[in-house]
Amino acid sequence: MMHEKAKELVIYNTLSRTKERFEPLNPPYVGMYVCGPTVYNDVHLGNSRTFISFDMIYRYLMHLGYKVRYVRNITDAGHLEGDRDEGDDKFAKQAKLEQLEPMEIVQKYTLAFHEVLSLFNTLPPSIEPTATGHILEQIEMIKKIIAGGYAYEVDGSVYFDVKKYSEKYDYGVLTNRKLEELMEGTRELDGQDEKRGRLDFALWIKAKPETLMQWPSPWGWGFPGWHIECSAMSTKYLGTRFDIHGGGMDLQATHHTNEIAQSEACNHTDPVKYWVHTNMLTVNGVRMSKTAGNGFLPKELFSGDHPLLDKGYSPMTVRFFMAQAHYRSTLDFSNEALQASEKGYKRLMESLSTLEKLEPSDTPTLQIGDLEAKCYDAMNDDFNSPVLIAHLFEGVRIINSVSDKTASIGKEELETLKRLMHTFVFDVLGLIDETKSGVGSDVIEGLMKLILDIRKTARENKDWAMSDKIRDELKEAGVEIKDTKDGVEWRL
Ligand code: AMP
Ligand code: ZN
């Protein structure tokens, strides 16, 4: 059943550069494709922001009653270091560095990626296809593009012909740029180049004898270019035209521009109705990335083990911090901002616990008014989570005033307040109460206190064997303890 508010959802579409009413192609079904990680190393906090933003969008669409097929790929082959088909293969390079098979690299970092996203309480996508699992589909697509005259082969590699494509289609449609402008940003071709045009890009790359991951194709042994995997997998699972395509803004100019060109040249239809791009997480105004050296990992954030961090922050503090910014705004990382989010998140969770204990009154003095409608309006306005959070804090104020008895609330209103707080905090923003589960939970705190008390008694009795056993076994179980002059500190 669709929620009555579903028809009011408005999404900013990068393609039209305006907010548009959300009308899926085939309601209540929604096809959503998000470019996933390149799993040659750990995802950093910036990457995580993009996936958390789409998790919120996914959650809200489902809350409205849509049946979403959410496809998020894993790039596990074909990603060269340069955006223009140059440089080393990222997987081969990392495999050499770690002395592992490329597929061991893929497995290791895919597992790490899943672990991080589950700590952030993101829902798994409906399908998570890999590039290496779809080599045949990519080859078939390239064959069709060549047959249509939009790609050419040179010595075992295949390139997309942007000039030819531009005779019929608008190659710069996504970024609203003219071909000449796009050309200016690229280097001139020299005699060594196989490409015919400066904007042409590889669909298939000829393997060298030493290339670790290579497959047979009609053009000889090689591997796919980076962009073709997303065109092939989105077409396979969502069809030639689908509703939402997402990714970080940094993917617009090259990856997504090329995806549109490939899909359109192959399937003769504009592949995506709504293009959604998330903005970057920055550190002192600079985009977080591993190459800039400012890309810390989520696990460093949780432990506080990084020169940029004053202390550790819990996954839900970070998720809340991210939701406090709109997904299309940049979000600048700072310890001060995270500490403020930590307080805000705790206040929200405390008030939700208080809410459970509130009793309705027959003589209410307080109305919640249109608070629930305001929450929907915020999310319906292009998923405006910061405005939603401002409304939720109106809810917190109401809860606190009823709790400290400066106001009272009627039965029905209390039910509405409970429904809206739970829906938006847990189902839509995807927060969980960490004080009730996992790190920081009351149960773990209680157990740790008990164990450390036993160890203290052992030490007072000079039972060093017992004291050391407790320390060592805790360590084995993943808890590190440190004796300080103020007592014992512990961390997971
Ligand atoms: P990658 O693994 O580099 O292909 O990136 C995975 C996703 O993270 C892509 O959608 C990128 O656009 C996104 N991304 C990369 N850096 C950042 C950042 N600093 N903030 C937000 N998203 C990012
Ligand atoms: Zn992609």
Side-chain angles (χ1 to χ4, degrees), residues 14 32-57 71-83 90-91 94 105-106 109-110 112-114 116-117 120 122 125 128-131 134 138 141 174 201 224-238 242 244-263 271-272 275-298 301 308 318 321-322 325-333:
T14 314
M32 176 161 99
Y33 187 94
V34 172
C35 290
T38 308
V39 288
Y40 73 103
N41 60 10
D42 280 308
V43 290
H44 56 67
L45 197 67
N47 305 132
S48 308
R49 180 186 185 201
T50 286
F51 301 123
I52 292 172
S53 298
F54 282 104
D55 183 62
M56 181 190 70
I57 291 175
V71 183
R72 188 183 65 208
N73 67 303
I74 293 273
T75 296
D76 60 350
H79 204 159
L80 300 183
E81 285 178 308
D83 254 3
K90 290 182 173 179
F91 294 94
Q94 192 69 19
I105 294 290
V106 165
Y109 292 110
T110 302
F113 169 63
H114 287 158
V116 164
L117 285 198
F120 282 126
T122 64
E128 197 170 39
T130 61
H134 296 76
Q138 297 179 69
M141 197 159 195
L174 192 61
F201 56 92
W226 169 33
H227 317 297
I228 192 74
E229 67 170 273
C230 289
S231 288
M233 295 191 279
S234 62
T235 305
K236 173 159 180 167
Y237 296 111
L238 300 174
F242 56 95
I244 299 176
H245 192 313
M249 278 185 186
D250 56 320
L251 300 183
Q252 263 176 47
T254 307
H255 184 56
H256 291 161
T257 291
N258 291 348
E259 254 188 82
I260 295 177
Q262 294 163 157
S263 295
V272 176
W275 278 93
V276 178
H277 288 100
T278 53
N279 214 325
M280 298 290 110
L281 182 71
T282 58
V283 182
N284 298 324
V286 180
R287 179 188 149 192
M288 182 176 284
S289 76
K290 263 167 268 178
T291 36
N294 62 358
F296 49 79
L297 307 177
L301 187 73
L308 280 171
V318 180
F321 164 70
M322 290 184 180
H326 188 254
Y327 78 87
R328 277 193 297 117
S329 311
T330 53
L331 172 60
D332 200 49
F333 170 86

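Just so you know, ligand 1 is whichever comes first in the structure, and atom 1 is the first atom listed for that ligand.
Minimum interatomic distance between T14 and H277 (heavy atoms only, all atoms of both residues): OG1-ND1, 2.8 Å. Between S289 and H44, the closest heavy-atom pair is CA-NE2, 3.8 Å. For the pair T122 and I52, the tightest heavy-atom approach, listed with the atom from each and the gap, is CG2-CG1, 4.0 Å. When all heavy atoms are compared, the tightest approach of C35 to H256 is SG-NE2, 3.2 Å. Across G295 and M288, no two heavy atoms sit closer than the pair CA-CG, 3.4 Å.
Polar contact check, R49 against ligand 1: no nitrogen or oxygen pair lies under 3.5 Å apart.
Each protein N, O or S atom less than 2.8 Å from the Zn ion (ligand 2) was counted, giving 3.
A cation-pi arrangement is found for R72 relative to F51, the charged atom lying closer than 6.0 Å to the ring centre and inside a 45° cone about the ring normal.
One option in T38, L45, D42 has a heavy atom closer to atom 2 (O) of ligand 1 than any other, and that option is T38. Looking at F51, Y327, Y40, it is F51 that brings a heavy atom closest to atom 7 (C) of ligand 1.
Looking from atom 17 (C) of ligand 1 to the surrounding protein, the closest heavy atom is M280 SD, 3.5 Å. Scanning the protein for heavy atoms near atom 14 (N) of ligand 1, the closest one is N47 ND2, 3.5 Å. The protein heavy atom nearest to atom 11 (C) of ligand 1 is D250 OD1, 3.5 Å. In this structure, the protein non-hydrogen atom closest to atom 10 (O) of ligand 1 is G248 N, 3.1 Å. Looking only at heavy atoms of the protein, atom 21 (C) of ligand 1 is closest to G46 O, 2.9 Å. Atom 9 (C) of ligand 1 has L251 CD1, 3.8 Å as its closest protein atom, hydrogens excluded (heavy atom only). Closest to atom 22 (N) of ligand 1 among all protein heavy atoms lies T50 OG1, 2.7 Å. In this structure, atom 19 (N) of ligand 1 lies nearest to the protein heavy atom M288 O, 2.8 Å.
When non-hydrogen atoms are compared, ligand 1 lies under 4.0 Å from the backbone of L281 as well as from its side chain.
In this structure, F91 and Y40 have perpendicular ring planes: the angle between them is above 60°, well past the 30° mark. Relative orientation of the F296 and F333 rings is perpendicular, given thresholds of 30° and 60° on the angle between their planes.
Of the possible polar contacts, none joining the T278 side chain to the T50 backbone as a donor-acceptor pair under 3.5 Å is found. Of the possible donor and acceptor atoms, none in the side chain of N41 sits under 3.5 Å from a partner among the backbone N and O of Y109. Remark: the backbone N or O of P129 is not paired with any side-chain donor or acceptor of N73 at under 3.5 angstrom. Side-chain atoms of Q262 come within 3.5 Å of backbone N or O of H227 as a donor-acceptor pair.
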Audit row: E229, H134, side chain to side chain contact (heavy atoms under 4.5 Å, CB included) steps and yes/no
CA-CA 7 Å; E229 67 170 273; H134 296 76; over 6 Å; no

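Less than 4.0 angstrom separates some heavy atom of P37 from each of these atoms of ligand 1: 2 (O). Interface of R287 with ligand 1, defined as ligand atoms under 4.0 Å from a residue heavy atom, comprises 15 (C), 16 (N), 19 (N).
Using 4.0 Å as the threshold, N279 has a heavy atom nearer than that to some atom of ligand 1.
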